[in-house]
Amino acid sequence: MTGYTMLRNGGVGNGGQTCMLRWSNRIRLTWLSFTLFIILVFFPLIAHYYLTTLDEANEAGKRIFGPRAGNELCEVKHVLDLCRIRESVSEELLQLEAKRQELNSEIAKLNLKIEACKKSIENAKQDLLQLKNVISQTEHSYKELMAQNQPKLSLPIRLLPEKDDAGLPPPKVVRGCRLHNCFDYSRCPLTSGFPVYVYDSDQFAFSSYLDPLVKQAFQATARANVYVTENADIACLYVILMGEMQEPVVLRPAELEKQLYSLPHWRTDGHNHVIINLSRKSDTQNLLYNVSTGRAMVAQSTFYAAQYRPGFDLVVSPLVHAMSEPNFMEIPPQVPVKRKYLFTFQGEKIESLRSSLQEARSFEEEMEGDPPADYDDRIIATLKAVQDSKLDQVLVEFTCKNQPKPSLPTEWALCGEREDRLELLKLSTFALIITPGDPHLVISSGCATRLFEALEVGAVPVVLGEQVQLPYHDMLQWNEAALVVPKPRVTEVHFLLRSLSDSDLLAMRRQGRFLWETYFSTADSIFNTVLAMVRTRIQIPAAPIREEAAAEIPHRSGKAAGTDPNMADNGDLDLGPVETEPPYASPKYLRNFTLTVTDFYRSWNSAPGPFHLFPHTPFDPVLPSEAKFLGSGTGFRPIGGGAGGSGKEFQAALGGNVPREQFTVVMLTYEREEVLMNSLERLNGLPYLNKVVVVWNSPKLPSEDLLWPDIGVPIMVVRTEKNSLNNRFLPWNEIETEAILSIDDDAHLRHDEIMFGFRVWREARDRIVGFPGRYHAWDIPHQSWLYNSNYSCELSMVLTGAAFFHKYYAYLYSYVMPQAIRDMVDEYINCEDIAMNFLVSHITRKPPIKVTSRWTFRCPGCPQALSHDDSHFHERHKCINFFVKVYGYMPLLYTQFRVDSVLFKTRLPHDKTKCFKFI
């Protein structure tokens with residue numbers, strides 16, 4: 001307490017001590033401040049100095065505070081990362097700078113090139129304009145020269161004779177009627193189109209006696225015929241139906257003549273008329289015997305020599321199937337070639353039969369003398385001897401078990417019912433047809449019926465008697481389908497039949513089947529054949545076969561088509577020019593008016609077979625674009641001076657006999673718009689493409705907002721009447737090229753593959769050329785045919801989902817091929833590609849051609865198609881077996897031939913690119 005007081009009061013005794021304390025405190029603060037200043041200022045400077053100036057020190061002489069190397073400072077992890085980042089960024093900056101300088105240099109060079117190209121384009125445009133002017137002037141000069149050197153021809157003036165004017169002098173002999181003296185050509189100009197007027201049978205008194213089935217069938221086929229007209233004033237030909245009669249009717253010749261002469265267009269002598277007397281029974285009455293038919297032609301199945309005028313009248317086949325189509329399931333197959341019996345014959349000769357013809361026959365005997373010896377007894381003895389020898393199994397019966405069918409005198413009557421006769425013929429390799437013993441009987445309906453039934457079931461007819469005139473004999477080559485043997489050679493018949501090889505026998509059976517289907521089987525085929533015979537005789541070209549009018553679906557285009565790298569990556573191949581001009585259609589080979597019969601019935605092959613479907617035959621209509629299959633053009637083109645010797649590489653020159661040709665893509669689709677658009681885009685830039693025909697197979701129209709791609713060629717969207725796979729092969733009038741590439745909407749093909757397939761097809765225009773191959777196989781356990789898609793070295797079919805074929809086959813498929821096949825395709829919605837392969841192989845007797853090693857062509861990721869269904873293959877098995885039934889045999893042929901693109905990719909030196917020349 002006292003000390004405290006004293007200090008507080010500043011006692012004298014403690015004054016000096018206080019001052020010293022204050023002074024020491026000040027010195028301590030100053031020193032502390034100075035020390036802190038030194039530490040804060042000089043230490044960083046010293047550290048900075050050592051950090052920036054240190055060098056590498058020896059490992060042994062390192063000091064804690066001595067100078068250190070820079071890399072030693074990076075021993076710390078985060079410092080090391082920072083250093084690495086700094087170095088990487090520095091290197092990238094240097095690279096970017098170098099690249100920028102390089103790009104600037106390239107940009108400068110490209111700008112110079114652009115300027116040079118612009119100048120070149122301007123110069124090229126000027127040159128092109130000059131060339132167009134030169135071409136235009138040359139074309140104009142060419143037209144002037146052609147106009148000066150070619151006379152102007154107009155169609156001949158149509159001559160229409162007066163109604164009452166016959167215009168022809170009467171022939172001296174009634175049987176002397178021929179075309180030159182009994183036919184009025186003035187009514188049938190070459191350009192007339194062969195109009196035919198058909199009389200209405202109901203307008204005549206004998207109409208009530210006509211067989212109703214015959215009359216109904218005749219009227220139905222006349223209404224559907226392309227030549228029939230209702231304008232009688234312009235008609236070239238007039239047709240009247242007079243038989244067959246429903247029941248035996250006794251009509252006096254004078255009464256028949258009166259009814260004929262009362263026809264409104266008879267014109268006193270009946271010129272340019274055809275009287276048709278069809279027969280359904282073996283004893284059909286010869287109503288026109290002893291009837292004066294004037295200058296009218298007669299078409300029937302029974303003729304006596306006294307009434308038959310060769311080259312003028314027509315021998316026709318009997319009308320067995322009046323209103324029904326042939327049942328292909330009941331027709332036996334054409335194989336095996338050899339059947340149970342070598343030959344068969346059933347018949348009975350009735351000498352006591354009397355008819356109106358017998359009196360006429362006796363009259364002819366008085367006029368022309370006794371007939372030669374009858375060989376029937378010798379025939380009976382010879383055939384029985386062959387049967388008794390048992391060298392071959394034969395069946396001959398000269399007495400009917402039941403009542404024989406009525407027949408003409410000296411004619412062998414038919415035995416049993418039609419069904420029984422057919423069952424026997426199905427077991428017969430050959431069918432004997434013994435002609436009547438009366439030499440004045442040219443042909444009878446009984447013989448014609450035997451011929452019809454033999455051809456129907458595939459028994460090769462053997463006609464004993466060369467004097468007989470078979471149906472359509474002046475147009476058909478019967479030696480390709482039947483054997484006509486004189487009766488004196490009856491002892492050699494057995495040897496002759498056994499000497500035929502199986503291949504010849506099968507060819508004759510196949511040709512006979514073709515003749516039966518085309519000219520005998522239905523009322524329509526008989527009527528068309530009669531008209532075709534008359535038209536061919538007077539040398540009028542056939543009417544062009546109709547094309548399917550394409551009902552186009554409006555669509556918007558303009559979407560720029562992209563290029564699929566997989567499709568366009570062809571390496572350095574030059575596939576050919578992408579057409580920049582308007583599409584180029586194939587030349588149309590129409591029938592020349594002066595060459596209507598010069599090459600009729602010309603076979604495509606030397607071997608007999610069903611090759612007469614082609615338009616060179618007189619009975620088939622001419623196609624609007626009839627093609628020269630084997631080369632599509634003839635003539636020698638010199639090598640080296642023309643287009644073929646221009647020195648282009650193989651892949652760059654189309655070559656061949658047609659140096660300029662295009663193809664049409666036909667694409668079938670059904671409500672798969674996205675897949676379809678992708679497929680169309682893949683066609684962008686495809687060389688030699690004329691146009692694309694999209695067959696819209698759905699009743700639902702495409703979306704209105706769907707934008708179609710612009711691929712550089714027209715795209716035609718065709719609307720169909722119904723959903724049918726047969727629409728793929730309709731001969732659309734928009735297809736203007738001979739070559740058709742049938743392709744599915746999900747097919748995935750490269751451009752080089754398509755171009756190679758097109759080139760191969762040009763060398764084999766009569767065949768199907770495609771990519772995916774298939775084959776057929778025989779199922780031994782089930783004794784039936786199978787469809788096989790496994791990988792194999794052998795094939796017999798090429799799927800038409802990616803294949804080239806000629807447009808001609810589209811006509812045959814749609815109009816000539818049996819309707820039963822197209823119905824099968826519609827029923828299963830399947831097998832149209834198999835049907836096309838059957839058709840082409842049936843006609844050409846050649847297998848298809850497969851190109852490249854592809855076995856499938858489906859695009860990956862596309863929606864599933866009909867072929868993915870489990871029932872797809874089962875249906876195709878059924879289709880093959882049904883088609884074999886329809887054709888009567890298996891037309892498909894195996895092949896191991898495949899074409900690969902070897903020369904197509906060959907690189908030749910520029911100094912050796914000339915085409916090879918023969919020296």
Side-chain angles (χ1 to χ4, degrees), residues 156-197 199 227 232-240 242 253 256-277 286-300 302-316 360 364 367-368 440 442-443 469 472-475 529-541 593-598 600 618:
I157 300 176
R158 184 69 185 271
L159 300 179
L160 295 177
E162 296 294 334
K163 181 177 180 180
D164 299 332
D165 183 16
L168 294 172
K172 297 181 180 180
V173 183
V174 176
R175 293 185 55 193
C177 254
R178 300 295 184 269
L179 289 175
H180 69 277
N181 59 359
C182 287
F183 191 85
D184 186 4
Y185 283 90
S186 65
R187 300 195 63 88
C188 304
L190 293 175
T191 58
S192 63
F194 192 61
V196 177
Y197 178 79
Y199 287 99
Y227 298 105
D233 295 333
I234 66 170
C236 165
L237 197 68
Y238 300 86
V239 179
I240 179 174
M242 292 196 66
L256 281 178
E257 290 181 13
K258 181 179 179 181
Q259 294 188 18
L260 290 176
Y261 279 76
S262 65
L263 294 175
H265 306 285
W266 187 259
R267 294 186 179 91
T268 70
D269 58 3
H271 60 275
N272 292 42
H273 277 65
V274 176
I275 304 172
I276 298 180
N277 181 19
N286 191 351
L287 297 175
L288 299 176
Y289 196 83
N290 287 335
V291 174
S292 176
T293 57
R295 291 188 172 92
M297 301 179 187
V298 177
Q300 59 183 17
T302 300
F303 276 106
Y304 273 89
Q307 67 176 135
Y308 179 68
R309 296 164 292 184
F312 192 73
D313 292 329
L314 297 90
V315 179
V316 299
E364 292 298 330
M367 297 295 297
E368 301 185 13
H440 304 298
V442 176
I443 184 64
Q469 300 293 342
Y472 321 122
H473 60 90
D474 50 351
M475 292 295 176
T529 304
V530 170
L531 297 186
M533 289 185 66
V534 178
R535 178 185 53 77
T536 305
R537 285 177 176 179
I538 62 178
Q539 301 180 357
I540 292 183
F593 286 109
T594 60
L595 299 175
T596 56
V597 292
T598 56
F600 73 86

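- Checked options T302, V316, V315; the residue passing with I443 is V315 (criterion: side chain to side chain contact (heavy atoms under 4.5 Å, CB included)).
- Atom NE2 in H265 sits 6.5 Å away from atom CG in D233 (nearest 0.5 Å).
- Relative orientation of the Y227 and F194 rings is perpendicular, given thresholds of 30° and 60° on the angle between their planes.
- Between the CG atom of L237 and the CZ atom of R535 there is a distance of 12.0 Å, given to the nearest 0.5 Å.
- N272 contributes atom CG, which lies 10.5 Å from atom SG of C182 (distance to the nearest 0.5 angstrom).
- When each of L260, V291, I276 is tested with M242 by the rule side chain to side chain contact (heavy atoms under 4.5 Å, CB included), just one qualifies, namely L260.
- A side-chain donor-acceptor contact under 3.5 Å links T536 to the backbone of A532.
- When side chains are defined from C-beta on, L314 counts as touching V534, because their heavy atoms get closer than 4.5 Å.
- Here the closest heavy-atom approach between residue F312 and residue R537 is recorded as O-NH1, 2.8 Å.
- Shortest non-hydrogen contact noted between P189 and S192 is O-OG, 2.7 Å.
- Remark: Q469 engages H473 in a side-chain hydrogen bond (donor to acceptor under 3.5 Å, both in side chains) (not counting sequence neighbours).
- Pairing each heavy atom of I234 with each of P195, the nearest pair is O-CG, 3.2 Å.
- Ion pair R267/D184 not flagged as a salt bridge, since none of the NZ, NE, NH1 or NH2 atoms sits closer than 4.0 Å to an Asp/Glu carboxylate oxygen.
- A heavy-atom distance below 4.5 Å is not found between the side chains of Y238 and P264.
- Test L287, D313, N277 against Q300 for side chain to side chain contact (heavy atoms under 4.5 Å, CB included) and you get one pass: N277.
- Counting heavy atoms from C-beta outward, T529 and M475 have side chains that stay 4.5 Å or more apart.
- The main-chain N or O of T268 is never found under 3.5 Å from a side-chain atom of R295 such that the two would form a donor-acceptor pair.
- The minimum heavy-atom distance between I538 and F183, with the atom names listed, is CG2-CE2, 3.7 Å.
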Exercise for the section: I would like to know whether L288 and F303 meet side-chain contact (heavy atoms from CB on, under 4.5 Å); could you show each step before the answer? Expected result: CA-CA 9 Å; L288 299 176; F303 276 106; over 6 Å; no
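- Q539 is not listed as a side-chain neighbour of Y185, based on a closest heavy-atom distance of 4.5 Å or more.
- Distance SG/C177 to CG/D269: 8.5 Å, rounded to 0.5 Å.
- Between P253 and N290 the shortest heavy-atom distance is CB-O, 3.5 Å.
- Counting all heavy atoms, side chain and backbone alike, A299 lies closest to V274 at CB-CG1, 4.4 Å.
- The structure places CG of L179 at 10.5 Å from CZ of R309, a figure rounded to the nearest 0.5 Å.
- Side-chain atoms of V239 and Y199, non-hydrogen and from C-beta on, never get closer than 4.5 Å to each other.
- Annotation: side-chain hydrogen bond (donor to acceptor under 3.5 Å, both in side chains) contacts of Y197 (sequence neighbours excluded): none.
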